[in-house]
Amino acid sequence: MKPVIDILEERISAAMAAAVGRSDCAAIVRAATDPKFGDYQANGVMALAKKMKTVPRQLAEEVIKNLDVDDICEPPEVAGPGFINLRLKTQLIADKLLEINKDSEHRLGVEQTSQPKTVVVDFSCPNIAKQMHVGHLRSTIIGDCVCRMLEFLGHKVIRQNHIGDWGTQFGMLIAYHRRQIDIAADYATGKVSSFPHVKDLEEFYKKASELYGSDASFAEEARSCVVKLQSGNPVMCSSWERIVDWSRNEIYPIYEKINVILKREDERGESFYKGMLSSVVAELKKKGLAVESDGAVCVFPEGFKNKEGKPLPFIIQKSDGAYLYATTDLAALRYRVDELGVDKILYVTDARQKLHFEMLFASARMAKWVSDDIELSHVMFGSVLGEDGAPLKTRSGENVKLKELLDEAVERAKAVVEEKNPDLDKDKKDEIAKAVGIGAVKYADYSNNRTSDYIFSFDKMLAMDGNTAPYMQYAYARIKSIERKAQTRDVDIEHELAGLKTLNLTEPAELDLAKTLSRYGEAIQAAAADYRPNYLTAYLYELAQKFSGFYTNCPVLDAGSDKRPTRLLLCDLTAKTIKHGLSELLGIEVVEQM
RNA sequence: GCGCCUGUAGCUCAAUUGGAUAGAGCGUCGGUCUACGGAACCGAAGGUUACAGGUUCGAGUCCUGUCAGGCGUGCCA
């Protein structure tokens, strides 16, 4: 089903073209800024009038004469400086809902794209041997949501988890691991009497880096481990694998916990590209793009200046011969273009890396490794801040661990469930607490503009009012409650919905809700076009609000037989839309009761 | 120094990319209750969109300058 907004855009653009006799006309149809203006407004006439040097309102009248939208709208009106206001016919809304109802299990009236693209989404990217912290949360869930939206719209999405598994930090980790093994052996044979127990990876990393900083001989050993590892020494490699696997045991349960679709097969860590790095440098040198400067090998992409106003280097090989993330990113980019056949690559990382990606893209384009029709986008996001406005830290100044943060959210949600609904059995309570707690954290992140920083607050995100996950979940649970109640009253919902041939939308609250339901596709399009989940959350919030209005004004089960089927449909589609938006696109669970 | 980003109600955030009278929630004040789930609903007060100019029929959004904060800026990622 083609979105109404697209139909209007086409028809009004055509009417504009007919009115002035030129083809470059854009109607710029948007949702109306105020309900009193109708449902949609076309903003394009005023810009066109400027180009044509005519009076906007007159031109708008002219456009309307050439416009035929009788099948979908009430007569269009010219308003203000030259807007064209459009109000949809109630009949159209009713027809749309019936149409949506035909496939409400899957598409909910949302069209698939006619131009599917192959899109690589590079996201999450945790560092091996380090705990995931809140910074990783944003990349992970925003990336996941972008993938889900693009997939739902019919694009081919290739998830790429570019994990940090090949940096110089592996020297100290491996060296430390070797020491541990030695000590363990000595302990087993009785040579030493105690075995320093390391409780988790976090501590392992901390101890290794402490030793690295304080013990020169260990540091030396660490450096030699890196060299050995990179030349394929089997002992080093086995330690490396052990450490990477150890990390996976922490990372994957977190993905599962937060409902992120990211599997082992999506992993293309830095180590994956290790064999391609030397040829990246060699080829760039051959093309004359990479040159030596102060001992390092650099590309100087056009348009970037350093502090002295001289060309800014994109360093691809250090003076000691080691490669950097720039090199790996270039290799990854080539792999994605050449082997994965992409139309688009999205990098979901924080805003601080903006310059890096601008230089990466510029370098790759200079090398002609990526053609002009391939889109490269840095889908950046702001930082998560504490209540004091500074980057979120624990009291002792450390990064807040993601696992602990999630546990606390679930715990707090649990307390609310206990208070509100003490009679539920324990498993139910746990299930609700998990859905609400995790959902709240994710939703709070999604509902902010991706590019801005936001202040993390448990109290705000777990609030049941406002634009929060629990508010949406609550609306869903209330509908499910109506459905349960229907059974006790011998109302056969399926039967009533199946027999529905026309809708009876007379109450303003009904029509409002119906219109909002019919716009789900528009919301997803808008969110997917700019990779901005907050457009989707804003829509879901509006939907839940419209439902609340409907719910308080329009009894469903007690409605007469002329109204009840329509209202049951409104409930059914609202529940399905909320569920789809939350669980399929945002990865947030819904619950039948809460 | 240079570059990028940010500055919107007491607080936390929106504003579909230049559209109409800048919207929500929290907090404050005032209402609704025999309730298909009160984790709800309705209403009010609260704004010179940091400041000063400019472009435009129209500016929170674009341009210039100022102020404040953040980030980045050659061998971390």
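Neither OP1 nor OP2 of B:A35 sits under 4.0 Å from any side-chain N or O of A:T552. Here A:K318 reaches the OP1 or OP2 of B:C76: one of its side-chain N or O atoms lies under 4.0 Å away. At the phosphate of B:C36, neither OP1 nor OP2 sits under 4.0 Å from any side-chain N or O atom of A:R564. Phosphate proximity of B:U6 to A:R352: absent, as no side-chain N or O sits under 4.0 Å from OP1 or OP2. Taking side-chain N and O atoms only, A:N127 has no distance below 4.0 Å to OP1 or OP2 of B:C76. Residue A:S548 places at least one side-chain N or O under 4.0 Å from the OP1 or OP2 atom of B:C41. For the pair A:N43 and B:G18, the criterion of a side-chain N or O lying under 4.0 Å from OP1 or OP2 is not met. For B:A77, neither phosphate oxygen OP1 nor OP2 lies less than 4.0 angstrom from any side-chain nitrogen or oxygen of A:Y323.
Using atom C1' as the reference point in both B:A40 and B:C4, the two lie 45 Å apart (nearest Å). A distance of about 38 Å separates the P atoms of B:A68 and B:C29, rounded to the whole Å. A gap of 9 Å separates the P atoms of B:G65 and B:G3, to the nearest Å. Between B:A44 and B:G53, the distance separating the two P atoms is 34 Å to the nearest Å. Comparing B:U49 with B:G18, their C1' atoms sit 16 Å apart, to the nearest whole Å. For the C1' atom pair drawn from B:U73 and B:A15, the interatomic distance equals 33 Å after rounding to whole Å. For the P atom pair drawn from B:A14 and B:A9, the interatomic distance equals 13 Å after rounding to whole Å. Rounded to whole Å, the C1' atom of B:C51 lies 7 Å from the corresponding atom of B:C67.
Of the nucleotides present, none pairs with B:A15 by Watson-Crick or G-U wobble criteria with both distances under 3.5 Å. In a base pair of the Watson-Crick type (N1 to N3 plus N6-O4 or O6-N4) or a G-U wobble (N1-O2 and O6-N3), with each distance short of 3.5 Å, B:C41 is matched with B:G31. The base-pairing partner of B:C71, taking Watson-Crick or G-U wobble contacts with both distances under 3.5 Å, is B:G3. Within the shown strands, B:A50 is the pairing partner of B:U66 under the Watson-Crick or G-U definition, both distances less than 3.5 Å.
A salt bridge links A:E483 to A:K480: at least one charged side-chain nitrogen sits closer than 4.0 Å to a carboxylate oxygen. Salt-bridge formation is detected for the pair A:R138/A:D445: a Lys NZ or Arg NE/NH1/NH2 atom is positioned less than 4.0 Å from an Asp or Glu carboxylate oxygen. Salt bridge present: A:K206 and A:E398 bring a charged side-chain N and a carboxylate O closer than 4.0 Å. Contact check on A:E507 versus A:K563 returns no salt bridge, with no Lys/Arg side-chain nitrogen under 4.0 Å from an Asp/Glu carboxylate oxygen. Under the 4.0 Å criterion applied to side-chain N and carboxylate O atoms, A:D558 and A:R564 are not assigned as salt-bridge partners. In summary, A:K274 and A:E270 do not engage in a salt bridge, as defined by a charged side-chain N under 4.0 Å from a carboxylate O.
With B:G37, B:A77, B:G74 as the choices, the nucleotide that has an atom nearest any side-chain atom of A:Q353 turns out to be B:A77. Comparing B:A39, B:G72, B:U16 by their nearest atom to the side chain of A:V417 picks out B:A39. Considering only side-chain atoms of A:L312, the nucleotide from B:U73, B:A20, B:A14 that sits closest is B:U73. Here the nucleotide nearest the side chain of A:E270, chosen from B:C57, B:A77, B:U21, is B:A77. Distances were taken from every side-chain heavy atom of A:L324 (C-beta onward) to each of B:C36, B:C76, B:U21; the shortest belongs to B:C76. Checking B:G74, B:G37, B:A20 against every side-chain atom of A:D294, the shortest atom distance belongs to B:G74. Of the candidate nucleotides B:C75, B:A39, B:A14, B:A39 has the atom nearest to the side chain of A:Y474. Residue A:K50 has its side chain nearest to B:C57 when only B:A15, B:C75, B:C57 are considered. Looking at the side chain of A:S293, the nearest of the listed nucleotides B:A20, B:G74, B:C71 is B:G74. When distances are taken from the side chain of A:Y541 to each of B:G37, B:A20, B:G25, the shortest belongs to B:G25.
For the pair A:R450 and A:Y531, the cation-pi test (distance below 6.0 Å, angle within 45°) is failed.
The nearest heavy atom of RNA chain B to A:P391 and to A:S481 marks one nucleotide each, and the one closer to the 5' end goes with A:S481. Nearer the 5' end of RNA chain B, as judged by each residue's closest nucleotide, is the contact made by A:M380, out of A:M380 and A:C554.
Within the 4.0 angstrom heavy-atom criterion, base atoms lie near A:A79. Base engagement by A:P313 is indicated by at least one non-hydrogen atom pair under 4.0 Å involving a base atom. Heavy atoms of A:C298 sit under 4.0 angstrom from at least one base atom. At a threshold of 4.0 angstrom between heavy atoms, the contacts of A:A351 with the nucleic acid are absent. Across all strands, A:D329 comes closer than 4.0 Å to no nucleic acid atom at all (heavy-atom distances). Contacts of A:N553 with the nucleic acid, taken as non-hydrogen atoms under 4.0 Å apart, are absent. Using a 4.0 Å heavy-atom criterion, one finds that A:L557 contacts the bases of the nucleic acid, with or without backbone contacts as well.
Straight-line distance from the CD1 atom of A:I84 to the P atom of B:C57: 20 Å, rounded to whole Å. Atom CD of A:E419 and atom C1' of B:G37 are 15 Å apart (whole Å). Rounded to an integer number of Å, the gap from CZ of A:F381 to C1' of B:U6 is 17 Å. When the P atom of B:G74 is taken as reference, atom CE of A:M359 falls 10 Å away, rounded to whole Å. A:Y443 has its OH atom 12 Å from the C1' atom of B:A14, to the nearest Å. Atom NZ of A:K310 is separated from atom C1' of B:G74 by 13 Å (rounded to the nearest Å). In this structure, the CZ atom of A:R450 is 16 Å from the C1' atom of B:A15, given to the nearest Å. Across the protein-nucleic acid pair, A:L355 atom CG and B:C76 atom C1' stand 15 Å apart, rounded to whole Å.
Ring pair A:F550/A:F547 is tilted by interplanar angle, where 30° to 60° counts as tilted.
Once the 5.5 Å centre distance and the 30° plane angle are applied, the aromatic ring of A:Y551 is found stacked with the base of B:C36. Per the stacking criterion (ring centres < 5.5 Å, plane angle < 30°), A:F83 stacks onto the base of B:A20. Stacking between A:F37 and the base of B:A20 is present: ring centres sit under 5.5 Å apart and the planes differ by under 30 degrees.
No hydrogens or angles were tested; on distance alone, a donor-acceptor pair under 3.5 Å links the side chain of A:Y325 to the base of B:A77.
The closest side-chain donor-acceptor pair between A:S457 and A:D459, if any, does not fall under 3.5 angstrom. For the 3.5 Å distance criterion, the side chains of A:Y347 and A:Q160 fail to qualify, holding no donor opposite an acceptor.
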